[in-house]
Amino acid sequence: MSLASTNKLPPHFFHVPTRLMGLDEEIPSASGNHQEQSYRIVIIQEGEGLLHADERSYPVFRGSVFGSGSLTEIKLESIRLTPLRGLYMEYRCLCVDDSASYGLECNVPIHDIPSEILRLAGELESIWGGADHGEPFQLQHLFIKLLQEIHAETISRSSSQQRSWVEQALQYMEENYYKDLTREQMAARAGVSPEHFSRKFRKHTGRTFNEYLTLFRIRKTQERLLTGSQDLNTLAQEVGYKEGLYLSRKFKEAVGMSPTAYKRKPKRITALNLNHTASLLALGVTPELGVYTPWLQQTPYSNHLSADHRFDPYALAFDHYYETIASSNPDLIISYDSAIENKALLALAPVLELPFKTMSWREQFRFIASAIDKDAAAEEWLSRYNERVDHSNEVLNGVLGKRGSAIVWEFCAETAYCFSGSFGRGSQILYDDIGFHPPAGLVDEGLHRRGYVEAAIGKVASYVADHIFITSLPNHPYGLERVKALFRSPDWRHLDAVRHNRVYVLNQPELFFGYDPISSQAQLRELMKVLTGHHKFA
């Protein structure tokens, strides 16, 4: 991406935003009016997908940005279970002397942009359409600041190497920390002198080579202490030390207490996503910081929650994100292993990384409980939940008898997703707990292999099931019209589930988004309500 112009840059120019909308709306077609002198920006805040620009396609995900002129056709397509969320913006360049206009343009998207750009985009979205009479120039200021940050980032990208040797050295250390690594070995791998290696490494990480290696080994030791390994001699071998006594001494220097004392100490915990926050709440533990949806905040589990315990990781630039977590003084951070921020957070505390959506919610719940010595509480909770499941099955045996097939749909603006039990959205209840099974067609399409199937809204009727559950509808008129068109179509009306009133429109996306103990319990209750036609299970 570069600041492109077709002429010498004019001495006086102004960029004015003219349109801002979410990606759940259809991106307008390219303008054929050359006098408009407008430009377009797409910023991805969540999800993963493809950006089609004219006749080429590019992968995009959280932290991607794309800029183009008004004549470029742009279309977005989600390729994972989480729909793309972000902003589409148009702006015009006004020139005092009628010179040719210019703006941010690129041939391909750039990725992993700084969180400050995401924060500015979110703030701009929040005030768009609502005039702030106290600060009449706030929107203009935010937009120009956003352009400046994107431009600065693209200039920085163009002047730096794709991957520096320091980053390659860090990756090698993190993959081989248990080996006998030395500064001289790492310098030789990088092709630089040991002295140059030390200077650049410290400038990049803020630590010497030995300090960084020790920190990484101690964090791994803390993680293993919390997840089952107790023998210090064994632990020492696992993390790169020769014997347990030396490990114990290094541990105490870094953490301020012995490994045994750390294991027994009540932990101050920060949870970086909704599912792990809810798992802690179900165990009777309120994290020092956690991610909450409005739905979760309204449950009895959050009765004593204060604003100090809540944070939105997507609303903070990384510096503020890091500072907020640091201020909670955590002893343990819980996150999915796919979070790009985890590595930087090791300076604060060990990061307990759970595989992203490859463990069932029960496995995640037990894993977290074991790490904080709450195994008994977890088993008690699961026992009560399983009693509800058993009772639900007894009732369904009388109401439905043989369960048959079921499918769970989540509708977005253009696309619909259905899920396997490993991806939640209520499917873990239907398939794993109360006896339904996925339609054979979904299994043939690799539902269990990928965990989800994506379909255009107009094609949803081609997936036949005895029971159809809709957990989320589009939140924009454009998407709702597509769903209404589906419901009016002959293919939809001819489905057995439609003709026999076995379509259940729940439209509770926040409740069904959770893949955790609290959400699963509520999802079971809601599913039983519609399947039995009464509120016996509330």
Side-chain angles (χ1 to χ4, degrees), residues 163-270 326 329-335 337 339 341-355 367-368 370-373 375:
R163 274 182 91 219
S164 72
W165 61 260
V166 177
E167 290 170 330
Q168 294 179 49
L170 285 170
Q171 182 175 342
Y172 183 84
M173 290 172 65
E174 290 158 7
E175 293 172 352
N176 298 275
Y177 62 90
Y178 53 88
K179 297 179 180 178
D180 185 18
L181 301 181
T182 67
R183 182 191 68 157
E184 286 69 25
Q185 289 173 345
M186 298 303 299
R189 287 184 60 85
V192 298
S193 70
E195 293 74 19
H196 184 68
F197 179 91
S198 292
R199 286 194 299 270
K200 290 293 185 181
F201 190 92
R202 184 160 192 167
K203 182 178 180 180
H204 187 84
T205 65
R207 288 180 168 82
T208 67
F209 167 78
N210 284 330
E211 287 171 345
Y212 188 90
L213 181 59
T214 298
L215 172 69
F216 204 81
R217 286 172 168 175
I218 295 304
R219 293 302 187 224
K220 287 297 180 182
T221 300
Q222 290 174 293
E223 181 183 328
R224 283 166 167 74
L225 282 169
L226 297 174
T227 55
S229 185
Q230 302 295 319
D231 181 73
L232 284 185
N233 286 316
T234 302
L235 269 175
Q237 297 290 328
E238 289 178 356
V239 302
Y241 295 124
K242 292 183 178 180
E243 47 90 23
L245 188 61
Y246 184 74
L247 169 61
S248 182
R249 179 157 59 86
K250 298 296 286 186
F251 190 99
K252 192 167 185 178
E253 288 174 1
V255 182
M257 64 186 73
S258 69
T260 302
Y262 174 78
K263 171 66 177 174
R264 293 174 177 171
K265 174 189 175 185
K267 307 295 189 295
R268 294 171 60 89
I269 305 171
T270 288
N329 192 26
D331 298 305
L332 176 65
I333 299 169
I334 303 178
S335 181
D337 60 2
E341 299 89 355
N342 291 349
K343 190 183 299 182
L345 296 174
L346 286 174
L348 300 176
V351 180
L352 191 64
E353 296 183 308
L354 279 72
F367 190 81
I368 292 171
S370 177
I372 60 174
D373 292 326
D375 303 80

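Fair warning: this is a prediction, and the values are worked out from it, not measured in the lab.
Within the 4.5 Å cutoff, the side chain of N342 has no heavy atoms near those of the L346 side chain. Using a 4.5 Å heavy-atom cutoff, the side chains of L225 and T260 are not in contact. E174 has its side chain within reach of K343: a pair of non-hydrogen atoms, C-beta onward, lies under 4.5 Å apart. Annotation: side chain of L215 is not in contact with side chain of Y177 (no heavy-atom distance under 4.5 Å). Side-chain contact check for T214 versus E253: every heavy-atom pair is 4.5 Å or farther apart. Residues R199 and K203 have side chains not in contact (no heavy-atom distance under 4.5 Å, counting atoms from C-beta outward). Side-chain atoms of L332 and P350, non-hydrogen and from C-beta on, do get closer than 4.5 Å to each other. Contact annotation: the side chain of P259 approaches that of L232 to within less than 4.5 Å [non-hydrogen atoms, C-beta and beyond].
Remark: K263 pairs with Q230, D373 by the side chain to side chain contact (heavy atoms under 4.5 Å, CB included) rule, at least two apart or across chains. Listed by chain and residue number, Y262 satisfy the ring-ring contact (aromatic ring centres under 6.0 Å, His included) test with F251 (two or more places apart in sequence, or in another chain). Looking at residues two or more places apart in sequence or on another chain, you find a side chain to side chain contact (heavy atoms under 4.5 Å, CB included) between H204 and V166, E167, L170.
Note that CG of D331 and CG of L226 are 9.5 Å apart. Values are rounded to the nearest 0.5 Å. Atom CD of E223 is separated from atom NZ of K220 by 4.5 Å, given to the nearest 0.5 angstrom. One distance of note links NZ of K200 with CH2 of W165; it measures 7.5 Å at 0.5 Å rounding. K179 contributes atom NZ, which lies 13.0 Å from atom CE of M173 (distance to the nearest 0.5 angstrom). Distance check, rounded to the nearest 0.5 Å: CZ of R217 to CG of L181 gives 6.0 Å. A distance of 10.0 Å separates CD1 of I218 from CG of L213, quoted to the nearest 0.5 Å.
For the pair D231 (side chain) and T234 (backbone), a donor-acceptor distance under 3.5 Å is present. Side chain of Q237 to backbone of K242: a donor-acceptor contact under 3.5 angstrom is found.
In this pair, Y212 and F201 present their aromatic rings perpendicular. The plane angle is above 60°, beyond the 30 to 60° band.
Across T208 and R202, no two heavy atoms sit closer than the pair CG2-NH1, 3.4 Å. The shortest heavy-atom contact between N329 and R268 is O-NE, 3.2 Å. A349 and P330 make their closest contact through CB-O, 3.5 Å (heavy atoms, listed as atom of the first residue, atom of the second, distance). Contact record, A236 with L247: N-CD2, 3.6 Å, taken as the closest heavy-atom pair. In this structure, K252 and S258 approach most closely via the heavy-atom pair CG-N, 4.3 Å. Counting all heavy atoms, side chain and backbone alike, A347 lies closest to R207 at CB-NH2, 3.8 Å.
The side-chain contact (heavy atoms from CB on, under 4.5 Å) test with I333 is passed by exactly one of I269, V351, L352: V351.
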